[in-house]
Q: 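First the structure, which I've put down as structure tokens, then a few questions once you've had a look.
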Amino acid sequence: MAISLHLVPMTEQHHDQVWAIEQQAHAYPWSESLIRQTPSKIGFNRVWVEQGNVLGYFYGQQVAGEATLLNVAVAPEQQGKGIGRQLVEAFMAEAAQLGGEEGWLEVRESNERAYRLYEALGFNEIDRRDGYYPTKNGREAALVMTCFLADNPFA
Ligand SMILES: CC(C)(COP(=O)(O)OP(=O)(O)OC[C@H]1O[C@@H](n2cnc3c(N)ncnc32)[C@H](O)[C@@H]1OP(=O)(O)O)[C@@H](O)C(=O)NCCC(=O)NCCS
């Protein structure tokens, strides 16, 4: 895929907006320090920016051919417009460009919307970690998904 002009590397100047979205989009957000962490050499974090406003982002990392989507979110009022799909496609495309062979991620079992999106982009569920995530009433499973990046039409 062609990577959108709206997509740019995440830098410190984006962190305030990313942190605001993180708290709105996720029931269990990352900590602020994790959001503001300087990426390591294996990290590639991107933001979706329109007219100076961050509308969404992803945090990715790549080790030895395995690219992991650590976090992806779109501002609640901007969801349903295709930005999330383009963010995940961009993660896959950049991972492939960096030499990644497989994409990996974990998703809450209850997060059907994200699950369907990943499935539509070629991810398959290959493992399940029962009781992995906290919920209001207890805990829920993490579903582990993976896809091959080579020959993937979305990467
Ligand atoms: C998951 C998320 C990133 C998707 O981003 P988005 O911009 O809303 O997604 P898109 O608009 O690209 O839509 C993706 C798919 O979901 C579907 N979708 C969009 N809005 C929807 C809605 N209100 N209800 C159900 N499905 C919907 C779309 O049909 C689309 O499928 P398609 O490409 O086949 O048409 C976003 O909902 C989000 O930030 N959620 C909170 C954080 C989160 O759960 N992150 C993932 C953690 S694993």
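Whatever order the structure lists them in is the order used to number ligands and atoms, beginning at 1. Keep in mind the model is a prediction, meaning the values are calculated, not measured.
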Q: Are any side-chain N or O atoms of R139 and backbone N or O atoms of Y132, one a donor and one an acceptor, separated by less than 3.5 Å?
A: yes
Q: State whether any protein heavy atom lies less than 4.0 Å from atom 26 (N) of ligand 1.
A: yes
Q: If you have a sec, work out which protein heavy atom is nearest atom 1 (C) of ligand 1 and how many Å separate them, to one decimal?
A: A114 CB, 4.0 Å
Q: Could you tell me whether the side chains of T68 and Q61 share a donor-acceptor contact shorter than 3.5 Å?
A: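 Q61 and T68 do not have a side-chain donor-acceptor pair below 3.5 Å.
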Q: What part of V74, side chain from CB on, backbone N/CA/C/O, both or neither, has a heavy atom under 4.0 Å from ligand 1?
A: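 It is both backbone and side chain that touch ligand 1.
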Q: Given Y118, W48, Y57, identify the one with the heavy atom nearest to atom 48 (S) of ligand 1.
A: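 Closest candidate by heavy-atom distance is Y118.
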Q: Which of the atoms in ligand 1, numbered in the order shown and given with their element, are less than 4.0 Å from a heavy-atom of E106?
A: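 Atoms satisfying the 4.0 Å criterion: 48 (S).
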Q: Is atom 19 (C) of ligand 1 less than 4.0 angstrom from at least one protein heavy atom?
A: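 Yes, there is a protein heavy atom closer to it than 4.0 Å.
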Q: What part of F58 sits under 4.0 Å from ligand 1 if we count only heavy atoms: the side chain, the backbone, both or neither?
A: neither
Q: Give me the nearest non-hydrogen protein atom to atom 12 (O) of ligand 1 as residue plus atom name, then the distance to 0.1 Å.
A: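 Its nearest protein heavy-atom neighbour is R85 N, 2.8 Å.
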Q: Does H6 reach the main-chain N or O of V49 with its side chain, forming a donor-acceptor pair under 3.5 Å?
A: yes
Q: Could you go through the side chain to side chain donor-acceptor pair (under 3.5 Å) check for E140 and T135 one step at a time?
A: CA-CA 7 Å; E140 70 173 313; T135 65; 6.0 Å; no
Q: Take atom 40 (N) of ligand 1 and look for protein heavy atoms under 4.0 Å from it; say yes if you find one, no if not.
A: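 Under 4.0 Å from atom 40 (N) of ligand 1, at least one protein heavy atom found.
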Q: Which ligand 1 atoms does H26 reach within 4.0 Å, using its non-hydrogen atoms?
A: 42 (C), 43 (C), 45 (N)
Q: Is any side-chain heavy atom of Q62 less than 4.5 Å from a side-chain heavy atom of I42?
A: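 When only atoms from C-beta onward are counted, I42 and Q62 do not touch, as no gap falls below 4.5 Å.
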Q: Just which atoms of ligand 1 are under 4.0 Å from any heavy atom in V107?
A: 48 (S)
Q: With a 6.0 Å cut-off (strictly less than), is the heavy-atom count around CD of E12, excluding the residue itself, greater than 12?
A: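 Atom CD in E12 is not packed in, count stays at 12 or less.
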Q: Is a side-chain donor-acceptor pair under 3.5 Å present for N71 with H26?
A: yes
Q: Taking side chain as C-beta onward, heavy atoms only, is W104 less than 4.5 Å from E102?
A: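 W104 reaches E102 side chain to side chain.
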Q: Without swapping roles, check the side chain of E109 against the backbone of L143 for a donor-acceptor pair under 3.5 Å.
A: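 Checking the backbone N and O of L143 against the side chain of E109, no donor-acceptor pair under 3.5 Å is found.
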Q: Can you tell which part of N111 has a heavy atom less than 4.0 Å from ligand 1: side chain, backbone, both or neither?
A: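 Under 4.0 Å from ligand 1, N111 contributes side-chain atoms alone.
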Q: Could any protein non-hydrogen atom be found less than 4.0 Å from atom 30 (C) of ligand 1?
A: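 There is no protein heavy atom less than 4.0 Å from atom 30 (C) of ligand 1.
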Q: Which of the atoms in ligand 1, numbered in the order shown and given with their element, are less than 4.0 Å from a heavy-atom of G80?
A: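 Near G80, the atoms of ligand 1 are 6 (P), 7 (O), 8 (O), 11 (O), 19 (C), 20 (N).
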Q: Are the side chain of R46 and the backbone of G56 linked by a donor-acceptor contact shorter than 3.5 Å?
A: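 Pair absent, no side-chain N/O of R46 close to backbone of G56.
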Q: With a 4.0 Å cut-off on heavy atoms, is E112 in contact with ligand 1?
A: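 Contact check E112 vs ligand 1: negative.
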Q: Output the list of atoms in ligand 1 that are nearer than 4.0 Å to some heavy atom of G84, sorted by atom number.
A: 5 (O), 6 (P), 7 (O), 9 (O), 12 (O)
Q: At the 4.0 Å heavy-atom cut-off, does G82 count as touching ligand 1?
A: yes
Q: With nothing but distance in play, are any N or O atoms of A73 less than 3.5 Å from an N or O of ligand 1?
A: no
Q: Does the protein come close to atom 33 (O) of ligand 1 - that is, does one of its heavy atoms sit below 4.0 Å from that atom?
A: yes
Q: Looking only at heavy atoms, is any part of K81 under 4.0 Å from ligand 1, and if so is it the side chain, the backbone, or both, or is it neither?
A: backbone
Q: Under 4.0 Å from atom 14 (C) of ligand 1, do we find at least one protein heavy atom?
A: yes
Q: Ignoring hydrogens, what is the shortest heavy-atom contact between L149 and A95? Give both atom names and the distance.
A: CD1-CB, 3.8 Å
Q: May I ask you to identify, for R113, whether its side chain, its backbone, both or neither come under 4.0 Å of ligand 1 on a heavy-atom basis?
A: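 Side chain only.
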Q: Please list, in number order, the atoms of ligand 1 under 4.0 Å from a heavy atom of R116.
A: 25 (C), 26 (N)
Q: Going by the order shown, which atoms of ligand 1 are within less than 4.0 Å of some heavy atom of A25?
A: 41 (C), 42 (C)
Q: For atom 36 (C) of ligand 1, tell me which residue out of Q79, R108, E89 has the closest non-hydrogen atom.
A: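 Considering heavy atoms of Q79, R108, E89, the nearest to atom 36 (C) of ligand 1 sits in Q79.
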Q: Tell me whether Y133 at atom OH has more than 12 heavy atoms from other residues, nucleotides or ligands lying less than 6.0 Å away.
A: yes
Q: Is V54 reachable from L34 through a run of hydrophobic residues whose side-chain heavy atoms are each under 4.5 Å from the next?
A: yes
Q: Just to verify, which of Y57, Y59, F91 counts as forming a ring pair (Phe, Tyr, Trp, His ring centres under 6.0 Å) with F44?
A: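 In the set Y57, Y59, F91, the residue that makes a ring pair (Phe, Tyr, Trp, His ring centres under 6.0 Å) with F44 is F91.
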Q: Applying the side chain to side chain contact (heavy atoms under 4.5 Å, CB included) test to V47, which of T11, V18, L7 qualifies?
A: V18
Q: Numbering the atoms of ligand 1 from 1, which are under 4.0 Å from a heavy atom of L117?
A: 14 (C)
Q: Look only at the side chain of E22 and the backbone of W30, and say whether a donor-acceptor pair between them is shorter than 3.5 Å.
A: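 Side chain of E22 to backbone of W30: a pair is present.
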Q: State whether any protein heavy atom lies less than 4.0 Å from atom 46 (C) of ligand 1.
A: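 Within 4.0 Å of atom 46 (C) of ligand 1, protein heavy atoms are found.
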